[in-house]
Number of protein chains: 2
Amino acid sequence: MEIESLLKYISRHIDLSEQEVSIVSEHVKIREYLKGQFIVQQGDVCKYESYVISGCAKTFFVDQEGNEHLVMFAIENWWTADLGSFITQQPADYNVQCLEKTKVAQFSHESLEQLYVKIPKLERFFRIIIQNAFVASQKRIVRNLSLTAKERYRIFREQYPDIEQRVPQYLIASYLGITKQFLSKVRAELLTGN
Amino acid sequence: MEIESLLKYISRHIDLSEQEVSIVSEHVKIREYLKGQFIVQQGDVCKYESYVISGCAKTFFVDQEGNEHLVMFAIENWWTADLGSFITQQPADYNVQCLEKTKVAQFSHESLEQLYVKIPKLERFFRIIIQNAFVASQKRIVRNLSLTAKERYRIFREQYPDIEQRVPQYLIASYLGITKQFLSKVRAELLTGN
DNA sequence: AGATGTTGTTAATCTAGTTTAACCTCCTTT
DNA sequence: AAAGGAGGTTAAACTAGATTAACAACATCT
């Protein structure tokens, strides 16, 4: 079953008994989105924390001039949501849109709160997951402050070769905080003369 | 006692019994640093997660050219550490240095792991704290991608008026990702003509 | 009182990255 | 096969912000 992927992922950080596994399974909804569909839309309340079983999604913010800014990507075994909206149940700042047909395992806010009560170990699980996400987020800030666009692109390719292959370059440019034209120039330099 | 500040802060998110309060207290060390002293140094393992009781500290990264980049500030009721180093117990990427005489409540890695076992509710507490920190970190990324330096400075002043008063401007410039000279220009514009 | 260090300002010159616009290459649809 | 659309490239003109350098205003120390 598709939920195996999630259970395996959880078991990397905490141990669940058979009974706990079935409790988790009852509180999770499997859902598939088509390419282009939205898991979350700016302005709506983010209803789910979604674990990606297969496929790929982008989280992005649309500013007042209408420009998109890429907050993060999510591929297999990643989590995606507008976490700020999910935890406060206030309207979302970000959109999450599928770049491919994407299958996810979803926890609603209510389900998750119930799960925390029934299986307190899950607090630990999500603490660890979010701790790692926070550390990665801070690293990205530091890289944006201290590196040139070319260096950031080089690191991105090393760190996420799978994403680099899979998503259009103009989204990577947005993630790096540069225009697609400039990324194109940087790529040309990297391939030829460095 | 100084630890009251920490306990009050914890109680905003979870309830602790008297017994649990005394367990927490036993695992916390109160320590005072002088202005200029380091709570964490780049290259050392980060031994503590520190809750600021009073004072002010900066977390910064020194790049290969020797330039400092401000990762975050911490004032009263904030937490500070190199979290990546703390959780993995690997050498730290960042420095945490006190900008004033600073009193902190510290959890060692070992103490904290013991506390998680003795008081599982603390997993919830730290999950919530870190969730909020992560959301704030992502917002900062988005602002850095989508706003000009002037807008970022205006928001910083609104969001952290206390910090703005307290720390030198060149550190704020570094936090915003600009030079102190450019911040000076932005400030001149904000005060006069906008 | 003078010297030295820390913080902040102003101004000229320079550059990393943006903007605008044209064009190219694949796909997909009709 | 023609027509669109999505993704990518190139190049010229432009700008937000960096760099360099000089100086001013305070503290603090001797």
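Lettering of chains follows the sequences in order, A, B, ..., and the numbering in each one begins at 1.
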Just verifying a value: how many Å separate A:Thr179 OG1 and A:Tyr170 OH, rounded to the nearest 0.5 Å?
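Rounded to the nearest 0.5 Å, the OG1-OH separation comes out at 14.5 Å.
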
Distance (rounded to the nearest 0.5 Å) between A:Arg140 CZ and A:Ile155 CD1:
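Interatomic distance, A:Arg140 CZ to A:Ile155 CD1, rounded to 0.5 Å: 13.0 Å.
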
Starting from [atom2] on [N], measure out to [atom1] on [X] and report it in whole angstrom.
X        : N      : atom1 : atom2 : result
A:Leu190 : D:dT9  : CG    : C1'   : 15 Å
A:Ile172 : D:dG8  : CD1   : P     : 8 Å
B:Glu189 : C:dA11 : CD    : C1'   : 14 Å
A:Leu145 : C:dA16 : CG    : P     : 18 Å
A:Lys185 : D:dT10 : NZ    : P     : 11 Å
A:Leu99  : D:dG7  : CG    : P     : 10 Å
A:Tyr153 : C:dG17 : OH    : P     : 15 Å
B:Leu147 : C:dT18 : CG    : P     : 15 Å

Walk along nucleotides 19-27 of chain D from 5' to 3' and tag each nucleotide B, S or - by protein heavy-atom contact under 4.0 Å, base first, then sugar-phosphate.
BBB------

Candidate nucleotides C:dT10, D:dG8, D:dT10, ranked by approach to the side chain of A:Pro168 - the nearest
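Given the options C:dT10, D:dG8, D:dT10, the side chain of A:Pro168 is closest to D:dG8.
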
Nucleotide nearest A:Ile178 (side chain, heavy atoms from C-beta), chosen from C:dG17, C:dG8, D:dT10
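Nearest listed nucleotide: C:dG17.
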
Is there a side-chain contact between B:Arg187 and the phosphate of C:dG8, meaning an N or O under 4.0 Å from OP1 or OP2?
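Answer no for this pair, as no side-chain N or O of B:Arg187 is under 4.0 Å from OP1 or OP2.
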
Taking B:Gln106 for the side chain and B:Ser50 for the main chain, is one N or O donor matched with an acceptor at less than 3.5 Å?
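No: the side chain of B:Gln106 does not pair with the backbone of B:Ser50.
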
Between the main-chain N or O of B:Cys56 and the side-chain N or O of B:Thr102, is there a donor-acceptor pair closer than 3.5 Å?
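Flag set: sc B:Thr102 to bb B:Cys56 pair under 3.5 Å.
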
If you define the side chain from C-beta out and look only at heavy atoms, does anything of B:Met72 sit under 4.5 Å from B:Trp79?
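Of all side-chain heavy-atom pairs linking B:Trp79 with B:Met72, none is under 4.5 Å.
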
Distance-only check: which donor-acceptor pairs under 3.5 Å involve side-chain atoms of residues 114-127 of chain A, not counting sequence neighbours?
residue	atom	partner	partner atom	Å
A:Gln114	OE1	A:His27	NE2	3.1
A:Tyr116	OH	B:Arg127	NE	3.4
A:Lys118	NZ	A:His27	NE2	3.4
A:Lys121	NZ	A:Asp15	O	2.6
A:Lys121	NZ	A:Glu20	OE1	2.9
A:Lys121	NZ	A:Glu20	OE2	3.4
A:Glu123	OE1	B:Arg127	NE	2.6
A:Glu123	OE1	B:Arg127	NH2	3.0
A:Glu123	OE2	B:Arg124	NH1	2.8
A:Arg124	NH1	B:Glu123	OE2	2.8
A:Arg124	NH2	B:Glu113	OE1	3.4
A:Arg127	NE	B:Tyr116	OH	3.4
A:Arg127	NE	B:Glu123	OE1	2.6
A:Arg127	NH1	A:Gln131	OE1	3.3
A:Arg127	NH2	B:Glu123	OE1	3.1

Classify the ring geometry between B:Tyr175 and B:Phe156 as parallel (under 30°), tilted (30 to 60°) or perpendicular (over 60°).
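Geometry flag for B:Phe156 against B:Tyr175: tilted rings.
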
Can you tell me if CD on A:Glu110 sees more than 12 non-hydrogen neighbours from other groups inside 6.0 Å?
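No - once you tally the heavy atoms of other residues, nucleotides and ligands closer than 6.0 Å, there are 12 at most.
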
Hey, what bend do you get for the helix from C:dA1-D:dT30 to C:dT30-D:dA1 if you fit axes on five pairs at each end, rounded to 10°?
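Here the helix ends are tilted 30° relative to one another.
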
Can you confirm whether or not the ring centre of B:Phe73 sits under 6.0 Å from the ring centre of B:Tyr160?
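They do not qualify: ring centres at least 6.0 Å apart.
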
